[in-house]
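One structure is given below, encoded as structure tokens.
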Amino acid sequence: MTKIDIATDGYCINKVIDKVKSKIGDKAAEQLKQTAVEVVQNCVHFYSTTFGFGDVGATGTGIVSQPHKGKIANATTGLIYGKVQSGKTNTTIATLALAQANHFRCFIVLTSDNTCLGEQTADRFAEQLKGGPRICNWKEWRNDPEDFATNQLLDYMKDTGVVLVSTKNKSHLDNLLKVLKYAKASSVPTLIFDDEADNASPNTNEAKQAKKGKEIVPDSAIFEKIGNIRKEVANHIYLQITATPQSLLLQNINHPCKPVFCAALPQPGDSYIGGNLFFSDNSKYCCTQVELEELDQLKKQGGKINPGNNWDIPPGLRLSLCCFFLGSIYKIESAKNSEAKYSFLAHLDHKRITHSTLEKVIRGFVVELDKALRGKLSATKREEAMKWLNQAYTELSETAKNLPSLDDLVIELEHELRNAIPKVIDASNPDKELKYSSGMNILIGGNRLGRGVTIEGLMITYYGRDAKQKTMDTVHQHARMFGYRQELLDVTRLFLPQHILEDFRAIHDADEGMRQAIGDDPNNINIQPVWVGSKLKPTRSNVLNPAEINAFTPGKAIFPPDPLWKASEIKEHTEDLTKLLEPYSDEDMLYEVDIDFLLQILSYMPSRPAGNYPWEDKRVQEVLKAMKNMAGIQQGRLNVRRGKETKGKGFRLTNRPAKDGSRTWTGTSGFTSPEWVNKAKQEYPNVPTLIVILEQGRKEDYWDNQPLYLPTLILPKNKFVFMFNYSEAAEELEDDIDL
């Protein structure tokens, strides 16, 4: 890319960086600025090559010299792809401030149609952008867009520039279009920031249009209105901002929502708390002492839990609250800021009746616990309360090594607990934005605490949102527990059932795979999605159901979580494999073999599908076929291990599915040693390696006295991603705004 000179300093951008240094540190602030430089460099380049040189850049005029007419111009859509709660808003603000120094003059910021998020975003822009453009939001112009535009914006449009913040609400976007017309925004270079761009912005009617035609089915409303805005400010760059770009990357090549360049791939700073912390094997920060029955009780009004019986609270919720109370007291006593806020988030579903039940249960428990600790109830009640707090103390002690004694914490808790009153944050709450108190805050909600909303001082998350159809990007966006809260790390916990944790893990792995697949060059989205479902046709995002989309992570070891092992199921397969694998006798050798031979071997090691695990026999075979036919990988490696210590008679693994009843194997290396997996990754990173082990299958190890072979497949670390659909069938999607 030919670089056009850009300004890298200016009053506004310097003020922004100075302001964030106190929050994220000097190093992270400088990285943030560098990200903004990379974004603006791309924006200036693509604007100039599309609309002509001289309007923007270090020596730009700030005036449109060659007005674009007609359809939305190609090569004007970019992507800022960050992790959930990783500081994308800071990146946007810094980018806007630097773009102003490079003579972009109209800045449009679109947020989700969520009042909490919209006002949170508008406030952050107004607070952090000092000495730059004129900043205003949809509430200021909604009564009279023409008067507001002509009297308050027109004078600034070609001068310092203007920032227009609006939610993606139909009427708000209509008013924004009027403001742009009356303020003559088309005369200046424009930068559009679409926050959570995969939410509402894409055309959700495309699947129907493909069947019935555009003359019968119109574009979805928000997509159409954003398109009208883009046509009005024709000379623009449209930056999509999201942590979950799956639906954007799956658009048609010539689609206006398809990003043609990645403006930046910002990496979160060292203090970021993300998926690796919660979803790694044996994480100390993830607690699965939440049973499915517990969630059912809370979600069913009139169920086993009676909100009037204040002491009747499910054990997982009780433990999570006690961890929050002790963790908060610990931080309150040790914090330098006496006004610091600490939050507990309960997110079970979107129904108000669930929120009401949960609020009554928690409120009753807080009242009773407070009275019990202060000796206002029986001695038995206080003893029981101390037992529960001791359980929480033991849990927190796993990571919080400097906890004061439990007795010391309880002394302070006796004075603070009565103020920990739960707040329901949903449509029934008249407050349009989150309001916190100093100290402990207990938040209960669903959609209004969903995508994009930052929970201040979030310490404990109690999560039970368990939709039948889990949309990959939506579930990932529920990860409010992510963010920059290093000072709370030692007392941070995520409480959820095991099966929801497994869903999060699968989604996290797929997301990491997508990030690797995008490539190392932020100026060029180097992603080659290879679909491995026989009925999949990746034409437009809404032909496929994102609830069932997943991806194999490049370089990852995968294995069947529920292999067949009974003698009646695999005896003949074992005999066939013993003959087939006989020539491969050197346990340390990674033999070069054809992909077709790997396919043949895998056909003798059948397994059952297990939930949202990526391994499924036919799917894995399709992956290998795609490597050969689409990615040009003709050969792989084979490593057969029969056990040196047993002189080739096989290994002795304990059959976990039979023993613990979970029916799934878990881990990162399958049935193999991590050293074997790492050897394959290091020596042959660009081809698949199949490691096969011989298991003795003894009865005392919970097998069926039948030897069997078990596979682990190490995927190549290439610049493509193998994506698939769990249902193996294309489905239509309705417009889904349930966050």
Side-chain angles (χ1 to χ4, degrees), residues 279-282 501-503 505-510 512-513 532 550-566 569-570 573-574 577 581 587 590 593 595 598-624 627 636-643 650-660 662-681 684-685 687-697 701-703 707-717 722 724 726:
F279 307 136
S280 60
D281 292 337
N282 303 315
L501 171 61
E502 295 301 330
D503 290 336
R505 279 178 174 162
I507 289 168
H508 174 69
D509 285 347
E512 290 300 309
V532 296
N550 207 327
F552 288 106
T553 304
K556 185 177 177 63
I558 60 174
F559 50 90
D562 192 7
L564 300 188
W565 51 272
K566 292 186 179 295
E569 299 171 321
I570 50 94
H573 291 318
T574 298
L577 270 180
L581 298 176
E587 300 224 347
L590 277 70
V593 296
I595 294 293
L598 295 182
L599 287 167
Q600 184 182 3
I601 295 171
L602 285 171
S603 69
Y604 293 115
M605 292 181 284
S607 69
R608 280 175 286 267
N612 283 357
Y613 286 89
W615 184 290
E616 193 276 326
D617 293 348
K618 291 183 179 179
R619 185 184 300 135
V620 172
Q621 292 173 13
E622 290 296 326
V623 166
L624 289 170
M627 289 183 194
R637 294 282 163 169
L638 173 64
N639 181 216
V640 182
R641 293 184 177 266
R642 301 173 178 86
F651 293 87
R652 290 191 61 181
L653 302 177
T654 300
N655 187 7
R656 277 175 267 180
K659 184 177 181 181
D660 64 20
S662 68
R663 297 189 60 78
T664 58
W665 287 74
T666 59
T668 57
S669 55
F671 313 104
T672 69
S673 162
E675 288 77 13
W676 305 343
V677 172
N678 290 334
K679 178 182 178 181
K681 288 181 178 181
Y684 301 101
V687 298
T689 296
L690 179 63
I691 300 177
V692 179
I693 72 159
L694 174 63
E695 162 59 40
Q696 293 184 26
D701 296 328
Y702 303 94
W703 300 97
L708 69 156
Y709 291 90
L710 297 168
T712 298
L713 180 66
I714 298 99
L715 299 171
K717 193 175 182 180
F722 295 100
F724 58 86
Y726 282 117

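Remember, it's a predicted structure, so these values are computed and weren't measured experimentally.
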[X] side, atom [atom1]; [Y] side, atom [atom2] - distance, nearest 0.5 Å:
{"X": "Ile570", "Y": "Leu564", "atom1": "CD1", "atom2": "CG", "answer": "8.0 Å"}
{"X": "Ile693", "Y": "Phe671", "atom1": "CD1", "atom2": "CZ", "answer": "7.5 Å"}
{"X": "Asn639", "Y": "Thr689", "atom1": "CG", "atom2": "OG1", "answer": "8.0 Å"}
{"X": "Met605", "Y": "Asp617", "atom1": "CE", "atom2": "CG", "answer": "9.5 Å"}
{"X": "Thr574", "Y": "Glu695", "atom1": "OG1", "atom2": "CD", "answer": "10.5 Å"}
{"X": "Leu602", "Y": "Tyr709", "atom1": "CG", "atom2": "OH", "answer": "14.5 Å"}

Applying salt bridge (charged side-chain N to carboxylate O under 4.0 Å, His left out), name anything that partners Glu569, two or more places apart in sequence or on another chain.
Arg608
All salt bridge (charged side-chain N to carboxylate O under 4.0 Å, His left out) counterparts of Arg642, not counting sequence neighbours:
none
Residue pair Phe651 / Leu710, side-chain heavy-atom distance below 4.5 Å
no
Decide yes or no for Pro688 and Arg637: does some side-chain heavy atom of the first lie under 4.5 Å from some side-chain heavy atom of the second?
no
Any donor-acceptor pair under 3.5 Å linking the side-chain atoms of Ser607 with those of Asp562?
no
Say whether, by atom type as modelled, one donor and one acceptor occur between the side chain of Lys681 and the main chain of Gly555 under 3.5 angstrom.
yes
With a 3.5 Å distance limit and no angle check, can you tell me whether Asn655 reaches the backbone of Tyr702 through a side-chain donor-acceptor pair?
yes
Please name the pair of heavy atoms, one in Ser603 and one in Gln621, separated by the smallest distance, quoted to 0.1 Å.
CA-NE2, 4.2 Å
